[in-house]
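It should be emphasised that the depicted structure is a prediction, and the values quoted were computed from it without experimental measurement.
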Amino acid sequence: LVDPSRQLAAQVFSQGGDGSRAWRGNGRLTVQADGRFEGTIAYTLAEAGPGVVEIAVVDATSGAVTERRSIPVQLAAAP
């Protein structure tokens with residue numbers, strides 16, 4: 001759960017066979033009063049493949065990223 005006074009930003013990256021990442025899209029996530037978050041992250045990708053979603057917790061006052069988490073995902077093609 002996330003402190004509702006924080007902002008969340010999410011990024012989608014495709015991942016190459018060599019471990020390299022390529023940015024594919026980003027979006028803002030909404031933090032609910034109970035600390036849960038939700039949102040939609042639009043991205044473009046010619047062919048389905050492995051990727052990573054990274055979520056950053058951003059301090060609303062300073063704009064500083066206070067925490068980052070990423071998770072591997074399987075991305076669908078999104079031309």
Side-chain angles (χ1 to χ4, degrees):
L1 299 180
V2 176
D3 179 343
S5 69
R6 304 288 186 205
Q7 295 181 359
L8 291 180
Q11 298 185 86
V12 175
F13 299 91
S14 60
Q15 190 160 350
D18 61 356
S20 63
R21 292 182 179 180
W23 178 85
R24 297 296 176 181
N26 65 286
R28 184 174 174 189
L29 302 177
T30 303
V31 181
Q32 305 301 316
D34 65 1
R36 296 172 195 246
F37 57 89
E38 63 182 23
T40 301
I41 309 163
Y43 66 91
T44 58
L45 185 64
E47 296 180 17
V52 174
V53 173
E54 179 182 271
I55 298 175
V57 180
V58 181
D59 181 87
T61 305
S62 69
V65 174
T66 59
E67 189 174 347
R68 278 183 211 269
R69 296 279 190 252
S70 60
I71 185 166
V73 295
Q74 183 65 30
L75 298 171

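Considering every non-hydrogen atom in both Tyr43 and Ala76, the closest pair reads OH-O, 3.0 Å. Here the closest heavy-atom approach between residue Leu75 and residue Val73 is recorded as CD2-CG2, 3.7 Å. Nearest approach of Ala56 to Val65, heavy atoms of both residues: CB-CG1, 4.0 Å. Looking at every heavy atom in both residues, Ile41 comes nearest to Val53 through CD1-CG1, 4.2 Å. Here the closest heavy-atom approach between residue Ala77 and residue Ala46 is recorded as CB-O, 3.7 Å. The two residues Val52 and Ser70 make their nearest non-hydrogen contact at CG1-CB, 3.6 Å.
Atom CD of Gln74 has more than 12 heavy atoms from other residues, nucleotides or ligands within 6.0 Å.
No single ILVMFWY cluster, assembled from side-chain heavy atoms under 4.5 Å apart, contains both Trp23 and Ile71.
The pair Arg36-Glu38 does not count as a salt bridge, with every side-chain nitrogen at least 4.0 angstrom from each carboxylate oxygen.
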For residues 8-18, which side-chain donor-acceptor pairs fall under 3.5 Å, sequence neighbours excluded?
unit_1	atom_1	unit_2	atom_2	d
Gln11	NE2	Glu54	OE2	3.3
Ser14	OG	Arg24	NE	3.0
Ser14	OG	Arg24	NH2	3.3
Asp18	OD1	Ser20	N	2.9
Asp18	OD1	Ser20	OG	2.7

Apply side chain to side chain contact (heavy atoms under 4.5 Å, CB included) to the pair Thr30 and Arg28, showing each step before the final yes or no.
CA-CA 7 Å; Thr30 303; Arg28 184 174 174 189; 6.0 Å; no

